[in-house]
Amino acid sequence: MDKNQLQAESRAESLPADAERRENGTDMSHLLTDLEMVEFIVNGYHLLELDLPEGLNERMAGQLDGLDYNPGDAIAEVVPDLWQVIEHPAVKSALASLLGEDYEVMGHRHWHCKQPHTGHMSWHQDSTNSRDTRIDRLLGLFYPTDITPEMGPTIIVPGTQFRNAPTDRMATYTNIRGQVPMVLKAGTFALTHYDLWHGTAANRTPVKRHMIKFLFRRVRDNKAPTWNHDPDVMNVPTAWGGKREDPKNVLSFGNPIGVGQSDHYKERQIRWKCWNNLLGVADAADA
Amino acid sequence: MSSSSSNPGVRQRLLYLHARTPSVFSDILGYTPVEPVRDYRAEITADVSDWPYNTVHDALVDGWQIVQFPHLQAPIDDRDLDVVGYEFILQKLEEVRDG
């Protein structure tokens with residue numbers, strides 16, 4: 001499904017209740033920090049361990065275990081507790097930080113049930129690669145149970161979200177240095193850039209591995225930062241060759257999988273352009 | 001193609017190595033072995049054990065031969081990013097049995 005299809009689908013199928021739910025009781029106290037924002041720009045993902053009500057994860061997992069068909073986009077109607085996930089203040093605040101305060105919860109969502117004793121899934125992107133320098137679309141991956149390495153976790157490759165690499169070009173890769181398995185606690189919500197390379201390991205256990213995927217998109221460009229931003233955050237000396245873990249240096253020097261110098265220089269330009277775009281700097285230029 | 005373990009013979013083992021640069025001395029970022037045995041599948045794993053080689057050169061020392069060198073990336077546009085690393089394809093011709 002391409003971007004236009006997704007947008008058309010969103011217009012057609014987003015539930016009016018989405019907006020109402022988001023506006024009621026909004027708590028933006030969990031906005032991301034500058035460091036969390038640049039880490040997302042560099043790595044392409046952000047993890048949230050949600051403090052959901054006691055027993056909620058188990059209830060959702062039990063309902064999913066009992067499903068004998070895949071309801072597709074209607075999964076949140078079949079398992080309505082999922083609304084408590086995407087309405088959690090930490091999720092809403094992270095989405096507002098990355099996509100703007102009026103982000104859209106799109107109509108598409110999907111229950112990914114990794115059946116017992118099934119093989120791996122190759123690296124892929126879910127659509128064509130938008131190949132831009134922006135953060136406009138995010139996947140939200142929710143896991144209602146603990147995920148072990150043997151259960152077929154989602155695996156991502158940090159920093160690959162800005163690459164013009166159609167899925168077919170990834171076919172000769174398996175393990176990549178720096179890849180990150182989503183080995184997580186029950187109740188974790190992973191936000192990933194839409195274009196981040198991802199796949200799954202094989203499920204070598206007798207249990208089903210559940211993940212529910214949501215899709216979110218930006219509806220307008222930022223005119224100002226929408227996260228917990230310090231206007232002076234970048235007014236520090238660049239630590240050339242240093243390892244200082246402040247936002248400016250993470251943005252400039254982060255290299256999560258150890259790519260070569262040329263790629264790293266290009267990544268740096270894209271990241272600064274992305275950062276400036278998020279700041280609301282009109283006609284964001286390369287840094 | 002041989003059809004059973006009773007017909008072993010020499011087969012082509014393959015190794016896809018994605019190196020940090022086009023140099024055989026640069027670090028490997030991706031490692032995919034392909035064994036010529038029935039039902040073999042190279043796969044992504046959650047637990048990545050240490051790879052036997054850190055560089056393409058390490059594999060050459062171990063007897064692998066390069067059958068395809070990487071195509072250079074971004075020959076004109078030096079702004080766009082594409083795939084991870086530079087792909088070397090290596091082979092070893094060895095007697096291999098199924099199972």
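For clarity, every value in this text was computed on a predicted model and none was experimentally measured. Chain letters run A, B, ... following the sequence lines, proteins first, then strands; residues in each count from 1.
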**Item:** Check: B:V84 and A:R163 side chains under 4.5 Å, non-hydrogen atoms
**Value:** yes
**Prompt:** Could you name the residues of residues 27-35 of chain B that have a heavy atom within less than 4.5 Å of a heavy atom in chain A?
**Reply:** B:I28, B:L29, B:G30, B:Y31, B:T32
**Asked** Distance-only, no hydrogens or angles: does the A:Q179 side chain make a donor-acceptor pair with backbone N or O of B:T45 under 3.5 Å?
**Response** yes
Could you give the distance from [atom1] ([X]) to [atom2] ([Y]), rounded to the nearest 0.5 Å?
{"X": "A:R177", "Y": "B:N54", "atom1": "CZ", "atom2": "CG", "value": "6.5 Å"}
{"X": "B:R20", "Y": "A:H264", "atom1": "CZ", "atom2": "NE2", "value": "9.0 Å"}
{"X": "B:H18", "Y": "A:I257", "atom1": "NE2", "atom2": "CD1", "value": "11.5 Å"}
{"X": "A:H198", "Y": "B:I44", "atom1": "NE2", "atom2": "CD1", "value": "10.0 Å"}
{"X": "B:T21", "Y": "A:D263", "atom1": "OG1", "atom2": "CG", "value": "11.0 Å"}

Residue part contacting chain B, namely of [X], when any heavy atom lies under 4.5 Å:
{"X": "A:T148", "answer": "neither"}
{"X": "A:P181", "answer": "side chain"}
{"X": "A:W123", "answer": "both"}
{"X": "A:M121", "answer": "backbone"}

**Shortest non-hydrogen contact between B:E43 and A:A202, atoms and distance** = OE2-CB, 4.1 Å
**Prompt:** How close do B:A46 and A:A201 get, heavy atom to heavy atom, and via which atoms?
**Reply:** N-CB, 3.8 Å
**Request:** Spell out the residues in residues 150-160 of chain A that have some non-hydrogen atom less than 4.5 Å away from a non-hydrogen atom of chain B, in order of number; otherwise answer 'none'.
**Result:** A:E150, A:P153, A:I155, A:T160
**Asked** Is the number of heavy atoms from other residues, nucleotides or ligands under 6.0 Å of B:Y40 OH greater than 12?
**Response** yes
